[in-house]
Amino acid sequence: MTEKRMSRWYFGGLASCGAACCTHPLDLVKVHLQTQQEVKRRMVGMAVHVVRNDGVLALYSGLSASLCRQITYSLTRFAIYETVRDMMGSTGKGPMPFYQKVLLGAFGGFTGGFVGTPSDLVNVRMQNDMKLPPEQRRNYKHAVDGLYRVFREEGVRRLFSGASMASGRGALVTVGQLACYDQAKQLVLGTGVMGDNILTHFLSSFIAGGCATFLCQPLDVLKTRLMNSKGEYTGVMHCLRETAKLGPLAFYKGLVPAGIRLVPHTVLTFVFLEQLKKYFGIRIIS
């Protein structure tokens, strides 16, 4: 008899929260770069500017909203993807084909993106607040306060501003992360050179993080601009046209910090997830 461990439905959300605590400063710098109308600072310059003006702790501005986003967005997409994948894998027909992983990842990510839109909106606003003049700052105390104030002051529809962008990005990043991670791990283990250990998890998640960054960056830029707007965009297409006026590279503004943030976040998420699965997962005896 052999024993293996299966992930519990909420492990993805917990692993993502752990990763977010480590990579939040990079996410904050990425948001600041994306919301520049003109390229005035690069990644290091922006980080230095934030620390110089507001202190080191400013790099963790909006952390509560980031964790709230992971609990809604990442927990939902991981729960859908891993539950369905494990159910289909238990039929004994072997691993899912890659195209099925892609379709499942897209569905899970789209759903998770929609569910996580309100907390994502508050996350972007809290991170970008320090860039605004004092009289224009929203000054949310924490994520729950931000959600309540948006609901009270701007209505339910505003909570889901940019939902189409967030859902589309969620679909792409989940395909890049979950589907590509599973496929990369399957290929690495298939070589017989490496076992199911932390080195394999690191290599597979590094590949997945690169795929996710490339796929989702254009939508990520549009989503950030829509969520941070104060009425200057009438909709997705208007935001698309205005961004396009800045040139094609505007859609990849902040690509390097996005990759520097998303690749480590992906690696940490899957390393944490595999460790949670190993020590606290559901035991399966076969």
Side-chain angles (χ1 to χ4, degrees), residues 4-20 69-117 119-120 163-190 196 200-220 223 262-263 265-278 280-282 284 286:
K4 69 174 185 177
R5 298 272 185 160
M6 291 178 64
S7 180
R8 299 180 187 273
W9 65 271
Y10 53 85
F11 277 2
L14 292 179
S16 296
C17 284
R69 176 176 178 266
Q70 297 303 332
I71 286 294
T72 52
Y73 159 65
S74 286
L75 189 146
T76 301
R77 67 192 181 111
F78 269 93
I80 292 173
Y81 182 87
E82 295 207 316
T83 301
V84 175
R85 181 200 62 191
D86 291 344
M87 285 176 58
M88 296 184 68
S90 64
T91 59
K93 296 181 180 179
M96 292 172 60
F98 183 57
Y99 79 91
Q100 289 185 1
K101 294 175 184 174
V102 169
L103 292 175
L104 179 57
F107 174 73
F110 187 88
T111 306
F114 181 80
V115 171
T117 298
S119 54
D120 199 6
S164 57
M165 285 290 102
S167 298
R169 179 191 179 278
L172 291 175
V173 78
T174 305
V175 168
Q177 284 184 326
L178 276 68
C180 290
Y181 175 79
D182 273 356
Q183 194 67 20
K185 182 180 175 183
Q186 182 182 325
L187 293 173
V188 170
L189 292 176
D196 190 1
T200 297
H201 305 157
F202 176 86
L203 178 60
S204 302
S205 56
F206 187 87
I207 295 170
C211 294
T213 303
F214 180 78
L215 285 173
C216 74
Q217 186 62 15
L219 279 179
D220 195 27
K223 174 185 72 70
L262 188 55
V263 172
H265 185 275
T266 303
V267 170
L268 289 169
T269 296
F270 283 108
V271 168
F272 290 159
L273 179 63
E274 294 285 2
Q275 294 304 303
L276 284 170
K277 186 191 303 183
K278 179 179 178 180
F280 305 104
I282 303 169
I284 304 294
S286 60

- Query: Counting N and O atoms only, with roles assigned by atom type, does the side chain of T72 sit under 3.5 Å from a partner on the main chain of R69, one being a donor and the other an acceptor?
  - Reply: yes
- Message: Determine whether a donor-acceptor pair (N or O, by modelled atom type, separation under 3.5 Å) exists between the side chain of S119 and the backbone of G116.
- Response: yes
- Does the side chain of W9 reach to within under 4.5 Å of the side chain of L75, using non-hydrogen atoms? yes
- What are the two closest non-hydrogen atoms of F107 and I80, and how far apart are they? CD2-CG2, 3.9 Å
- Please say whether more than 12 non-hydrogen atoms of neighbouring residues, nucleotides or ligands are located less than 6.0 Å from CZ in F98. yes
- Enter the distance from I207:CD1 to Q183:CD here, rounded to the nearest 0.5 Å. 11.0 Å
Sequence neighbours left out, cut at 3.5 Å: what donor-acceptor pairs do the side chains of residues 269-277 make with other protein atoms?
unit_1 : atom_1 : unit_2 : atom_2 : d
T269   : OG1    : H265   : O      : 2.7
E274   : OE2    : Y181   : OH     : 2.7
E274   : OE2    : K185   : NZ     : 2.9

- Closest heavy-atom contact between V188 and S204? CG2-OG, 4.2 Å
- So, for Q186 and M96, which heavy atoms are closest and what is the spacing to 0.1 Å? OE1-O, 4.5 Å
- Item | Euclidean distance, R85 CZ relative to Q100 CD, rounded to 0.5 Å | 13.0 Å
- Task: Verify the neighbour count for atom CZ of F11: are there more than 12 heavy atoms of other residues, nucleotides or ligands below 6.0 Å?
- Result: yes
- Min side-chain heavy-atom separation I71-C17 under 4.5 Å: yes
- Query: Considering all heavy atoms of both residues, which atom of T213 and which atom of V263 are nearest to each other, and what is their separation?
  - Reply: OG1-CG2, 4.1 Å
Side-chain donor-acceptor pairs under 3.5 Å in residues 166-177, sequence neighbours left out?
unit_1 : atom_1 : unit_2 : atom_2 : d
S167   : OG     : F114   : N      : 3.3
S167   : OG     : A163   : O      : 2.8
R169   : NE     : D220   : OD1    : 2.9
T174   : OG1    : R77    : NH1    : 3.2
T174   : OG1    : G170   : O      : 2.6
Q177   : OE1    : R77    : NH1    : 2.9
Q177   : OE1    : R77    : NH2    : 2.7
Q177   : NE2    : T266   : OG1    : 2.8

- Query: Taking all atoms of both residues into account, what is the closest heavy-atom pair of L268 and A19, and its distance?
  - Reply: CB-CB, 3.8 Å
- Could you list the residues that satisfy side chain to side chain donor-acceptor pair (under 3.5 Å) with D86, not counting sequence neighbours? none
- So NE2 of H201 and CG of D196: to nearest 0.5 Å the spacing works out to 4.0 Å
